[in-house]
K.L.:
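Pasting a structure here, questions to come.
Model, not experiment: these values are computed from the prediction. Residue numbers begin at 1 in each chain, while the letters A, B, ... track the order of the sequences.
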Amino acid sequence: MKLESYVRPAGLEEALAVLAAPGPKALVFAGGTDLVPMMRKMRMNGTLLNGDSPRVILDLSKLDELCGIRKAGGMLEIGAATTMGVIAADPSVKKLVPVLAAAAASVGSPLVRNRATLGGNLVTASPSADTAPALLAAGAVVRLAGAEGGPRELPLSEFFVAYRKTALQPGEIVTHVLVPLAGRPVAGRFEKVGLRNADAISVVCAACEIELEGSTCRAARIGLGAVAAVPVRALAVEAALLGREITADVAAECARLVHEHISPIDDVRASAQYRGWVAEAVVARMITDTAREAGA
Amino acid sequence: MQDIEIKVNGRPMRTTVAVDETLVDVLRQRLGVVEVKNGCGQGDCGACTVLLDGEAVNSCLTLAVQADGRQVTTTRGLGTAEDPHPLQTAFIEHGAVQCGFCSSGMILSAASLLQQNAAPTRDEIREGISGNLCRCTGYTKIVDAIDEAAKAGSSEERSAR
């Protein structure tokens, strides 16, 4: 089996129709930074990692409806085919969702960021996707569309269902990522620990947003990547912070609860034990720094 | 197979490609544009960097069909031996070229950086070339060369000619 045709649809409706067509499922393609190396392997063994044997490349990268950033309905709406470079440099993202701007700026290299898209980073569902913890911390929602029925929206925390598996149904694509604007800008931090400063796959990536009321914590959201089969929210840590006055000691005490939510593995980049240590340390530091920023 | 036309350094080139062929393979193997180097083939090394409609990308991660109807600029499009781009001159003067395999991509990433930021700091230069690996120079001379070219005002748009 090999890829035989390339379709660049003029609009979303046409894209969804191609995807709904009978026969082998089309390969949904945007930035290509993950898919092109996979396609080369497919040339050799005929199937992709997930066992699919697509014949058609469906290129969404130039679809106007999926590119760009705007405010709509109390949400910051980011098209799924918007590149990391555009997101990292966007003034509204930098001001209103700085955790996402920082995460997008940490992906790959400038060359990769000129191609890689936000939708691709999420749909690939790699546990180490850098934008995922940032969007989890920002309380983001994904909008999915298919040929049948209207679009549906899902909290990002429900989008990742298992290792490299998402809640996308056959024929569906991610069209937008939505970040609620109420209460923004919010103090936040994104941290990535890699084996080098650029072009690195994360050993641990994490993001945190904290809202204070007076000097106590009114809301906290913490997302983590590369420490479990899917990107996760550290809900126990968040709950432990509520109503507390955040000092470095409180942050360290609450950060210990992160182990309830992570199940790191040994791989070429780091051992499970190291990932556990780093996750706890990074979460403690982020909480302290974010709370300081929130109180400033 | 699909017919495509790419403008390489301003010159229209036509060919027929498989839909999963990468831009770097088509440039080198079908169009003879061999100043673009093929290194890792997976976006790690940056040797295959080209400007696609002025934007620096890994041509090994770009499908040739996606470049149909678009402009590709290689280091040859920036300047020639007779009329070099200030970045190319600075690379030569600073000894920023050793084996030369990274130079084409390195210079294009630098050109892209200087288009966006005409007066980068040394840290910004390092960030700008962070997608381009060099195994010879240790980068210091490359950063020196880009720094000097920036100071000499090489940000003028020469790639569009």
K.L.:
My understanding is that only residues two or more places apart in sequence, or in another chain, count here; which of them pass side chain to side chain donor-acceptor pair (under 3.5 Å) with Q42(B)?
P.N.:
D44(B)
K.L.:
Pair up each side-chain donor or acceptor in residues 18-39 of chain A with any protein partner under 3.5 Å, not counting sequence neighbours, and list the distances.
P.N.:
none

K.L.:
Counting a contact as any heavy-atom pair under 4.5 Å apart, which residues of residues 199-208 of chain A contact chain B?
P.N.:
D199(A)
K.L.:
Let's go through D144(B) and R122(B) carefully: what are the C-alpha distance in whole Å and the side-chain angles of both, what is the deciding distance for salt bridge (charged side-chain N to carboxylate O under 4.0 Å, His left out) to 0.1 Å, and is it a yes or a no?
P.N.:
CA-CA 8 Å; D144(B) 289 347; R122(B) 286 181 76 87; 2.9 Å; yes
K.L.:
If you count the non-hydrogen atoms of other residues, nucleotides and ligands that lie under 6.0 Å from CG in D267(A), is the total more than 12?
P.N.:
yes
K.L.:
Could you tell me which portion of L113(B) (side chain, backbone, both or neither) has an atom closer than 4.5 angstrom to a non-hydrogen atom of chain A?
P.N.:
neither
K.L.:
Taking 4.5 Å as the heavy-atom cut-off, does anything in residues 90-116 of chain A contact chain B, and if so which residues?
P.N.:
S109(A), P110(A), L111(A), V112(A), R113(A), N114(A), R115(A)
K.L.:
Take V17(B) and R30(B) through the side-chain contact (heavy atoms from CB on, under 4.5 Å) test and state the conclusion after the steps.
P.N.:
CA-CA 9 Å; V17(B) 303; R30(B) 296 190 187 271; 4.0 Å; yes
K.L.:
Would you call R292(A) and D289(A) a salt bridge, using N to O less than 4.0 angstrom?
P.N.:
yes
K.L.:
Strictly below 4.0 Å, N to O, side chains only: are D20(B) and R43(A) in salt-bridge contact?
P.N.:
yes
K.L.:
Does the side chain of S128(A) pick up a donor-acceptor pair with the side chain of S126(A) at under 3.5 Å?
P.N.:
yes
K.L.:
Report the distance from atom CG of L87(B) to atom CG of L108(B), rounding to the nearest 0.5 Å.
P.N.:
9.0 Å
K.L.:
To the nearest 0.5 Å, how far apart are CE in M1(B) and OG in S5(A)?
P.N.:
13.5 Å
K.L.:
At a heavy-atom separation under 4.5 Å, does C48(B) approach chain A through its side chain, its backbone, both, or neither?
P.N.:
neither
